Amino acid sequence: MRHTLPFAPQFYVTAPQPCPYLADRMERKLFTALQGDQAERLNDSLSKQGFRRSQNVLYRPSCAECTACLSARIDVNRFAPSRSQSRVLKRNRDLARRATSPWATEEQYALFRDYLDSRHAAGGMADMDMFEFAAMVEETPVRSRLVEYTDPNETHDARHGLRAVCLTDILDDGLSMVYSFFDPAEDRRSLGTHVILDHVRIAQEMGLPYVYLGYWVPGSPKMDYKARFAALELYRAGRWQPMGDRDDYAAETHPLSVAPISEQVARISLPDTRPVSTG
């Protein structure tokens, strides 16, 4: 199914598949290719409208039965860690952070496999080999970084002390955490929480106002951790708004909450795609 706007890009819809977050639902996605010299501007613009990047594709859930997948971001200027999150930062202060170009390594893949086998053994990425992992990391048409977290006291192990990794896009208004994974044997560290908290810190260092976390899904235990972060905003009804009461989202799971695909596409705001003058 294809919907063409008066100018590039073109938007498509995937075939329905079982939803990974709500067991009784089917999932489909609205997506477009991310390529050419306008890729960064398109990524910036659509990220502000609830889209996410996967390699050279931008997508947003567009299900027929509900609108439960809500894009989430942290307002960096309003954020303050909770007491438990402050303890997580303190617990991981020994970790060294290093931001590199998006280039896959064997150490990263070993950590990625341990993470999947422990946390997502039945998920859609469970069978990814090294080549597919490298494609996920390296096929990016926008400004991306791999942020690595290493224990400098344990560099003799098979992963040279690597404990967590996040593939991160640098947007014009924030950091987008495309995909993160971490050592499942280090439960005490709460590494997933630490990576998010440190990205808030990186955004503060860079003067960027937001950290984009992906989707929060009301009623999904897998996504509940995102609601624990203060100053969380959700892209709802065409605009970003503070999360408020997490129990106030019953309407998003109702079939009548879904607008037709053509209307969804018509509401998308695109950047000016004319060449930028340098004269």
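Just the heavy atoms: all of them, side chains too, but no hydrogens, waters or symmetry mates, feed the values below. Everything numeric in this text was worked out from a predicted model, so none of it was measured.
- The two atoms that bring R60 and G50 nearest to each other are CG-O, 3.5 Å, heavy atoms only.
- When side chains are defined from C-beta on, L42 counts as touching P9, because their heavy atoms get closer than 4.5 Å.
- With sequence neighbours excluded, the residues satisfying side-chain hydrogen bond (donor to acceptor under 3.5 Å, both in side chains) with S84 are S82.
- At a threshold of 4.0 Å, the pair D44-R41 does not count as salt-bridged, since none of the basic side-chain nitrogens sits closer than that to a carboxylate oxygen.
- With T150 contributing its side chain and P152 its backbone, the two residues share no donor-acceptor pair below 3.5 Å.
- In this structure, the side chains of V178 and T140 stay at 4.5 Å or more apart for every pair of heavy atoms.
- Side chains of Q49 and S269 form a contact here, defined as non-hydrogen atoms less than 4.5 Å apart.
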Could you walk me through whether R201 and L89 pass the side-chain contact (heavy atoms from CB on, under 4.5 Å) check?
CA-CA 11 Å; R201 187 156 48 190; L89 287 170; 3.8 Å; yes
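- Atom CE of M136 is separated from atom CE of M128 by 4.5 Å, given to the nearest 0.5 angstrom.
- One distance of note links OH of Y21 with SG of C63; it measures 10.5 Å at 0.5 Å rounding.
- Annotation: side chain of L46 is in contact with side chain of L270 (closest heavy-atom distance under 4.5 Å).
- Note: K29 NZ to S62 OG = 11.5 Å, rounded to the nearest 0.5 Å.
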Stepwise side-chain contact (heavy atoms from CB on, under 4.5 Å) test for F181 and L111:
CA-CA 8 Å; F181 52 95; L111 180 62; 3.9 Å; yes
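- Once rounded to the nearest 0.5 Å, the distance linking CE of M26 with SG of C19 reads 9.5 Å.
- Looking at S54, its side chain never comes within 3.5 Å of a backbone N or O of V57 through a donor-acceptor pair.
- Sorted by first and then second residue, the ring-ring contact (aromatic ring centres under 6.0 Å, His included) pairs involving residues 182-203 (not counting sequence neighbours) are Y115-F182, Y149-H194.
- Proximity of R143 to I170: side-chain heavy atoms (C-beta onward) are separated by under 4.5 Å at one or more points.
- For residues 24-68, the pairs satisfying ring-ring contact (aromatic ring centres under 6.0 Å, His included) are Y12-F31, with sequence neighbours left out.
- Using a 4.5 Å cut-off on side-chain heavy atoms (C-beta onward), M206 and L175 make contact.
- Both L146 and L208 are members of a single hydrophobic cluster when ILVMFWY side chains are connected at heavy-atom separations under 4.5 Å.
- The CG atom of D151 lies 5.0 Å from the CZ atom of R163; values are rounded to the nearest 0.5 Å.
- Listed for the E263 side chain is no donor-acceptor partner under 3.5 Å among the backbone atoms of P260.
- Here the side chains of S176 and R52 are in contact, with some heavy-atom distance below 4.5 Å.
- Looking only at distances, a side-chain donor or acceptor of Q264 sits under 3.5 Å from a matching main-chain atom of A259.
- Applying the side-chain hydrogen bond (donor to acceptor under 3.5 Å, both in side chains) test to every pair with at least one member in residues 202-217, sequence neighbours left out, gives these pairs: R73-Y210, R73-Y212, R97-E205, D173-Y212.
- Under the rule for a ring-ring contact (aromatic ring centres under 6.0 Å, His included), F229 has no partner lying at least two apart in sequence or in another chain.
- A donor-acceptor pair under 3.5 Å is absent between the side-chain atoms of E148 and the main chain of T100, judged by distance alone.
- In this structure E139 satisfies the side-chain hydrogen bond (donor to acceptor under 3.5 Å, both in side chains) test together with Q55, sequence neighbours excluded.
- Nearest heavy-atom pair, A68 versus P218, reported as atom, atom and distance to 0.1 Å: O-CD, 3.0 Å.
- T32 pairs by the side-chain hydrogen bond (donor to acceptor under 3.5 Å, both in side chains) definition with nothing, not counting sequence neighbours.
- Contact detail for N56 and P141: the closest heavy-atom pair is CA-CD, 4.2 Å.
- Residue pairs meeting the salt bridge (charged side-chain N to carboxylate O under 4.0 Å, His left out) criterion with at least one member in residues 85-96, sequence neighbours excluded: D94-R189.
- Residue Y179 is grouped with residue I74 when hydrophobic side chains (ILVMFWY) are merged at heavy-atom distances under 4.5 angstrom, including chains of intermediate members.
- Looking only at distances, a side-chain donor or acceptor of Q241 sits under 3.5 Å from a matching main-chain atom of R236.
- Residues I268 and L30 form a side-chain contact, since some pair of their non-hydrogen atoms from C-beta on lies under 4.5 Å apart.
- Annotation for A230 and F79: closest pair O-CD1, 3.3 Å, computed over non-hydrogen atoms.
- Annotation: side-chain hydrogen bond (donor to acceptor under 3.5 Å, both in side chains) contacts of R159 (sequence neighbours excluded): D114, D183.
- Nearest heavy-atom pair, V165 versus L162, reported as atom, atom and distance to 0.1 Å: CG2-CD2, 3.8 Å.
- Looking at N153, V195, L191 one by one, the single match for side-chain contact (heavy atoms from CB on, under 4.5 Å) with L95 turns out to be L191.
- Using a 4.5 Å cut-off between side-chain heavy atoms of Ile, Leu, Val, Met, Phe, Trp and Tyr, with links allowed through other members, M177 and V88 fall into the same hydrophobic cluster.
- With V211 as reference, V76 is the one residue of I202, L197, V76, D198 to meet the side-chain contact (heavy atoms from CB on, under 4.5 Å) rule.
- The two residues L167 and S144 come nearest to each other via the heavy atoms CD1-CB, 4.4 Å.
- Annotation: ring-ring contact (aromatic ring centres under 6.0 Å, His included) contacts of Y109 (sequence neighbours excluded): F133.
- For K48, the salt bridge (Lys or Arg N to Asp or Glu O under 4.0 Å) partners at least two apart in sequence or on another chain are D172.
- Taken from CG in L171 to OG in S45, the straight-line distance is 11.0 Å, to the nearest 0.5 Å.
- Every pair passing side-chain hydrogen bond (donor to acceptor under 3.5 Å, both in side chains) that includes a residue from residues 220-229 is listed here, sequence neighbours excluded: D224-R246.
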